[in-house]
Amino acid sequence: MSVKFDISFAKSAKIDGGLAIQLKLAGDGPAAGAADVDPAGIVARAAEIGKFSGKAMTTLDIIAPQSSPADRLVVLGLGKADALTAYDWLKAGGVAAAAVKSMSKVTIFADAPGLQVGGEQVAGLALGMLLRSYSFDAFKTKKQDDEEKAPKTVKVTIVTGEHAAAKKAFAESEAIAGGVTLARELVNLPPNALGPVEFADRARDLEKLGVDVEILTEKEMKKLGMGALLGVAQGSARPPRLAIMQWKGGKTKDAPVAFVGKGVVFDTGGISIKPGAGMEDMKGDMGGAAAVIGLMHTLAARKAKVNAVGILGLVENMPDGNAQRPGDIVTTMSGQTIEIINTDAEGRLVLADALWYCNDRFKPRFMINLATLTGAIVVALGNLHAGLFSNDDALAGQLSAVGEVTGEKLWRMPLGKDYDKLIDSKFADMKNTGGRQAGSITAAQLLKRFVGETPWAHLDIAGTAMNSPANEINQSWGSGYGVRLLDELVRAHYEA
């Protein structure tokens with residue numbers, strides 16, 4: 001069951017039962033709030049017995065502590081002060097959230113002795129709690145006994161001398177949490193509940209936050225000549241959609257930053273059908289579009305001072321009698337033609353038209369597309385990094401740097417003329433796959449043919465958007481990867 005944290009910030013708090021969490025640096029020093037919740041000094045003795053040293057993300061749990069006004073004490077280790085990063089504060093929040101268990105009232109003492117704590121760090125701690133609290137159980141009709149006993153709302157008070165600054169920063173943290181949660185929810189939804197039309201309706205919902213939204217149907221896309229995107233969709237009974245979202249938070253004259261997401265709501269592989277084992281995971285093949293809509297939610301909710309465009313190419317790839325075949329040749333909106341070698345290499349076809357449309361209409365400062373594009377990137381990088389391909393060193397550098405800050409890490413992969421030759425076709429301008437070798441690179445080379453001279457980056461998130469390993473801030477199958485990464489990119493480099 002998802003737990004809702006009602007978080008507030010205060011200079012001090014009166015403890016009357018409940019859980020008290022004390023942050024502590026590594027070493028022999030005291031934990032935060034010791035005078036308030038540990039008058040008998042039992043933490044030091046418990047730490048000695050339990051060999052607890054304050055190592056990062058470790059906890060010491062004390063039930064019914066002697067002489068304490070709290071029912072439980074949890075001491076949460078932060079490690080060494082000089083090693084703490086912004087991402088560590090998120091992780092600490094996740095560990096704190098996991099420690100809550102059945103408690104309905106929690107007080108967190110954030111100002112660990114020996115550590116200079118600011119409002120941003122405390123807001124990061126709170127954000128980590130919100131991210132950890134998400135779970136997807138909408139379709140479960142039977143609850144476990146312990147879930148039934150768990151409180152639905154937990155009141156959390158974070159005690160810090162920077163309470164005013166933390167409260168102000170937390171407004172943006174809530175916007176980020178909302179965007180990540182939206183992305184996770186969409187990836188987790190079953191494919192019978194989320195088709196292209198339903199996904200487009202979710203984009204429409206952003207109008208409540210002030211986002212301008214347009215939805216193109218197959219009729220409008222046909223007029224625009226989007227033969228690549230429509231070719232993927234033609235085998236499905238569910239019609240495609242192109243969702244265009246605009247957030248106008250910058251100056252009118254400023255060119256927008258642009259984000260394009262692959263939204264294949266379910267991918268059978270089409271006529272080149274995938275093996276049956278694990279095909280259920282292909283409900284997550286819209287992880288790129290989920291990240292883009294989550295990002296647009298975040299930018300609008302926190303009133304980002306930037307003009308931003310988000311475009312979602314929404315299709316379903318099915319193998320009926322009308323489906324495109326290997327050997328077909330489609331004409332893209334750009335006029336370039338693509339020979340279909342494998343109908344399971346469909347995401348790049350969707351993105352080809354969406355990228356061209358974005359560039360042609362909006363003339364953006366840059367374009368970044370996100371896609372669960374290739375299994376080859378999972379072979380290369382596993383699920384610890386997403387693949388980064390770019391025609392612009394400055395943009396690639398910015399993305400890599402913010403990936404280190406947010407913990408959503410990227411690894412840059414090569415592009416080049418020799419790789420580009422691998423997708424030349426005998427019968428068309430290009431073919432949609434260059435074979436098994438360098439599969440992620442040749443997919444990126446195809447996309448590069450549709451971006452012109454505009455600074456562009458392609459993020460292959462096949463290993464990070466879904467079925468990624470659980471960690472301190474995410475226990476969900478859908479991770480929401482990319483929302484925090486791109487929000488930080490905008491915040492650090494592109495807001496007015």
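Quick caveat, the model's predicted, so the values are computed rather than measured.
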Between atom CG of Asp267 and atom CG of Asp281, what is the distance when rounded to the nearest 0.5 Å? 12.0 Å
For the student: nearest non-hydrogen atoms of Cys358 and Ala258, plus distance: SG-CB, 3.5 Å
Salt bridge present between Arg491 and Glu172 (N-O < 4.0 angstrom): yes
Heavy-atom closest contact (Lys303 atom, Leu209 atom, distance): NZ-O, 3.7 Å
Given side chains that start at C-beta, do those of Val197 and Pro239 come closer than 4.5 Å, heavy atoms only? yes
Yes or no on side chain to side chain contact (heavy atoms under 4.5 Å, CB included) for Val292 and Val260, after CA distance, side-chain angles and deciding distance? CA-CA 7 Å; Val292 171; Val260 180; 5.9 Å; no
Show, in sequence, the C-alpha distance, side-chain angles and deciding distance for Leu489 and Ile368, and conclude whether the side chain to side chain contact (heavy atoms under 4.5 Å, CB included) test is met. CA-CA 11 Å; Leu489 176 74; Ile368 297 174; 3.5 Å; yes
Are Ile341 and Pro326 packed together at the side-chain level, in the sense that at least one heavy-atom pair is separated by less than 4.5 angstrom? no
Identify the residue among Leu230, Val265, Val350 that makes a side chain to side chain contact (heavy atoms under 4.5 Å, CB included) with Pro240. Leu230
Could Glu218 and Arg241 be called an ion pair, given the rule that one side-chain N must be under 4.0 Å from one carboxylate O? yes
Under a plain distance cut-off of 3.5 Å, with no hydrogens placed, do Asp254 and Asn307 share a side-chain donor-acceptor pair? no
Among Met286, Glu346, Arg348, find the residue that satisfies the side chain to side chain contact (heavy atoms under 4.5 Å, CB included) test when tested with Lys262. Glu346
In Å and rounded to the nearest 0.5 Å, what is the CG to CG distance from Leu127 to Leu90? 4.5 Å
For the student: nearest non-hydrogen atoms of Ala291 and Leu370, plus distance: CB-CD2, 4.0 Å
Check the pair Asn188 / Ser476 against side chain to side chain donor-acceptor pair (under 3.5 Å), numbers first and verdict last. CA-CA 8 Å; Asn188 285 330; Ser476 164; 2.9 Å; yes
Gly463 to Ser468 - nearest heavy-atom pair and separation: O-CB, 4.3 Å
Between Asp285 (side chain only) and Phe266 (backbone N and O only), is there a donor and an acceptor less than 3.5 Å apart? no
Between Arg484 and Asp487, does at least one N-O distance fall below 4.0 Å, as a salt bridge requires? no
Give me the ring orientation class for Phe389 and His458: parallel if the planes are under 30° apart, tilted from 30 to 60°, perpendicular past 60°. parallel
Donor-acceptor contact below 3.5 Å, side chain Asp353 vs main chain Ala228: yes
Shortest non-hydrogen contact from Ile441 to Leu415? O-CD2, 4.3 Å
Regarding Arg238 and Glu316, does a basic nitrogen lie under 4.0 Å from an acidic carboxylate oxygen? yes
What about Phe259 and Phe366, are their ring centers closer than 6.0 Å? yes
Between Lys431 and Asp420, is the closest basic N to carboxylate O distance under 4.0 Å? no
Can any side-chain N or O of Thr374 pair as donor or acceptor with the backbone N or O of Ile377 at less than 3.5 Å? yes
Would you find a donor on one side and an acceptor on the other, under 3.5 Å apart, between the side chain of Thr331 and the backbone of Gly335? no
Which heavy atom of Asp88 sits nearest to which heavy atom of Met57, and what is that distance? O-CE, 3.3 Å
Are the side chain of Asn432 and the backbone of Ala345 linked by a donor-acceptor contact shorter than 3.5 Å? yes
Hydrogens and angles aside, do Asn369 and Trp456 bring a side-chain donor and acceptor to less than 3.5 Å of each other? yes
Is the backbone of Ala438 close enough, under 3.5 Å, to the side chain of Thr442 for a donor and an acceptor to pair up by distance? yes
Using atom types as modelled and distance alone, determine if a side-chain donor or acceptor of Asp460 lies under 3.5 Å from a backbone N or O of Leu373. yes
If the plane angle is over 60° it's perpendicular, under 30° parallel, otherwise tilted; pick one for Phe139 and Phe136. tilted
Regarding Asp429 and Thr337, is there a side-chain donor-to-acceptor distance under 3.5 Å anywhere? yes
Using a 3.5 Å distance criterion without hydrogens, assess whether the side chain of Gln398 forms a donor-acceptor pair with backbone atoms of His493. no
Strictly distance-based, threshold 3.5 Å: is any side-chain N or O of Glu488 a donor or acceptor partner for the main-chain N or O of Leu485? no
Six-ring centre of Trp477, Lys283 cation under 6.0 angstrom, axis tolerance 45°: yes
Quick one: do the Thr406 and Glu408 side chains pair a donor with an acceptor below 3.5 Å? no
May I ask you to check whether Asp320 and Ser236 show a side-chain donor-acceptor distance below 3.5 Å? no
Can a donor-acceptor pair be found, under 3.5 Å and without considering hydrogens, that links the side chain of Asn359 to the backbone of Val451? yes
Inter-residue atom distance Arg202.CZ - Leu312.CG, 0.5 Å rounding: 12.5 Å
More than 12 heavy atoms of other groups within 6.0 Å of Lys222 NZ: no
Step-by-step side chain to side chain contact (heavy atoms under 4.5 Å, CB included) determination, Met226 to Leu242: CA-CA 10 Å; Met226 292 186 173; Leu242 192 78; 3.8 Å; yes
Other residues, nucleotides, ligands: >12 heavy atoms within 6.0 Å of Glu120 CD: no
Under the side chain to side chain contact (heavy atoms under 4.5 Å, CB included) rule, what do Asp344 and Lys274 come out as? Steps first, then yes or no, please. CA-CA 8 Å; Asp344 194 24; Lys274 293 176 181 290; 3.0 Å; yes
Identify the residue among Arg204, Met245, Glu220, Gln246 that makes a side chain to side chain contact (heavy atoms under 4.5 Å, CB included) with Glu214. Gln246
Rounded to the nearest 0.5 Å, how far does OH of Tyr134 lie from CZ of Arg184? 7.5 Å
